[in-house]
Each structure stands twice: as C-alpha cells, then as structure tokens.
Amino acid sequence: MEVDTGAAVSVVSSKTWEKLQLKVPLRKPDVTLKTYTNEVVRVIGEAELNVTYGHGKHLLRLYVVEGNGPSLVGRDWLGKIRLNWKSLGIGMVNCVGVSSVDSVLQKYEDVFVEDMSEIKEFKAKLRVKANAVPRFHRARPIPFALKDAVGKS
C-alpha cells in the first residue's frame, strides 16, 4: 500500500480486494468519497480488518473502491498506526548548505523579488469553450506531516 497523507481514508481497488480473497464480508458503505478535484469515487463496500503492525493491533476500516487504482494508507490509519518511517526508507533529510541556497537565490534573483504583483511584457491567451461552466474546487487538505507546523503558525 502507498502512504497518502492527502487521503482521508484508506482504500483498495475492487481488483485488489478480489486478489486478497479475504473471508471478511463487505458492508454497505457509509461514505461518499471524492478526489481532490471533487470527482466522485464509487465505493463498493467497506470492511473492518484486524491490522497488526509492529507490536500493535488495531481494528481498522478499509474502503473498497471501483476500478484498478493504487491501494492507499490514508490519514485514518496513520492516526492509529505509528509507522516506523526509517524502516520504510523515509525520514532521511538531506541538508542543503547555506552557500548553495545563496547561489540559487542569486542565480534566479528575478524569481525571488518581494513585489510580485504583476507580470510585465507578457501576453497570455485563455481559450475557453463557449459552453464552459466555471467550477469551484476546495483547497486540498493539509498533508498529515505538515499539520503541526500549520497549527503553530
């Protein structure tokens, strides 16, 4: 399964569910799932699974969705399971030296100006279909790893 801190819940595709051949019954889903672009994801069912990770055991809900997409560990599972990020190869921080940051800032100084109120000497053309209807899209949820930092600001 892929860890996706942008996913509110954990999901597997119907194809993956069939391959797993679990003896767990699927219940009628109690949610409507949407992608970050607000497209509805058809939920076929949900199941309560006993999940063991490390020394912990948890009863967690897994949603089975239509299609053949990736299996995702969402924030619902991440809130209960404490992943060992190092064993997953995550958590290695590559520090960039101040001198290399300064060189990038100098090389692209026109990008890092304080006043970015307008773009000068540039023309843009937007081609919109005559029958196009404007759509509002909510901001994508804050990634799990950044929630503490956002809460402090």
Item checked: Atom pair CG (Asp148) and CG (Leu146), whose distance is rounded to the nearest 0.5 Å -> 9.5 Å
Checklist line | Sole residue of Val9, Leu72, Val51, Val3 in side-chain contact (heavy atoms from CB on, under 4.5 Å) with Trp77 | finding: Val51
Margin query: Just verifying a value: how many Å separate Glu48 CD and Leu59 CG, rounded to the nearest 0.5 Å?
Written below: 4.5 Å
Next item on the list: Check Met1 against Leu62 and note the closest heavy-atom contact, atom names and distance.
Entry: CE-CD1, 4.1 Å
Check: So which heavy atom on Ser71 is nearest to which on Thr16, and how close?
Finding: OG-CG2, 3.8 Å
Note to self: Give me the atom names and distance for the closest heavy-atom approach of Leu22 to Trp17.
What the structure shows: CD1-CZ3, 3.7 Å
Item checked: Counterpart residues, side-chain contact (heavy atoms from CB on, under 4.5 Å), relative to Phe136 (two or more places apart) -> Arg138
Next item on the list: Identify, with sequence neighbours excluded, every residue that meets side-chain contact (heavy atoms from CB on, under 4.5 Å) alongside Lys129.
Entry: Asn131, Ala132
Notebook entry, point to check: When hydrophobic residues are tied together by side-chain contacts of less than 4.5 Å, even through go-betweens, does Leu26 share a cluster with Leu60?
Noted result: yes
Checklist line | Separation between CZ of Arg82 and NE2 of His58, rounded to the nearest 0.5 Å | finding: 8.5 Å
Margin query: Give me the atom names and distance for the closest heavy-atom approach of Pro70 to Glu2.
Written below: CB-OE2, 3.5 Å
Please list, one pair per line, the donor and acceptor atoms closer than 3.5 Å that link side chains of residues 36-46 to other protein atoms, with sequence neighbours excluded.
{"residue": "Thr37", "atom": "OG1", "partner": "Thr35", "partner atom": "OG1", "Å": "2.9"}
{"residue": "Thr37", "atom": "OG1", "partner": "Glu39", "partner atom": "OE2", "Å": "2.8"}
{"residue": "Arg42", "atom": "NH1", "partner": "Glu66", "partner atom": "OE2", "Å": "2.7"}
{"residue": "Glu46", "atom": "OE1", "partner": "Asp30", "partner atom": "N", "Å": "3.0"}
{"residue": "Glu46", "atom": "OE2", "partner": "Arg27", "partner atom": "NH2", "Å": "2.9"}
{"residue": "Glu46", "atom": "OE2", "partner": "Arg61", "partner atom": "NE", "Å": "3.4"}

Notebook entry, point to check: Where is the tightest heavy-atom contact between Pro25 and Ala47, given as atom of each residue plus distance?
Noted result: O-CB, 4.0 Å
Item checked: Reported OG-to-CG distance for the pair Ser10 and Leu49, which is rounded to 0.5 angstrom -> 10.0 Å
Next item on the list: Taking all non-hydrogen atoms of both residues into account, name the closest pair between Pro141 and Gly6 and its distance.
Entry: CG-O, 4.2 Å
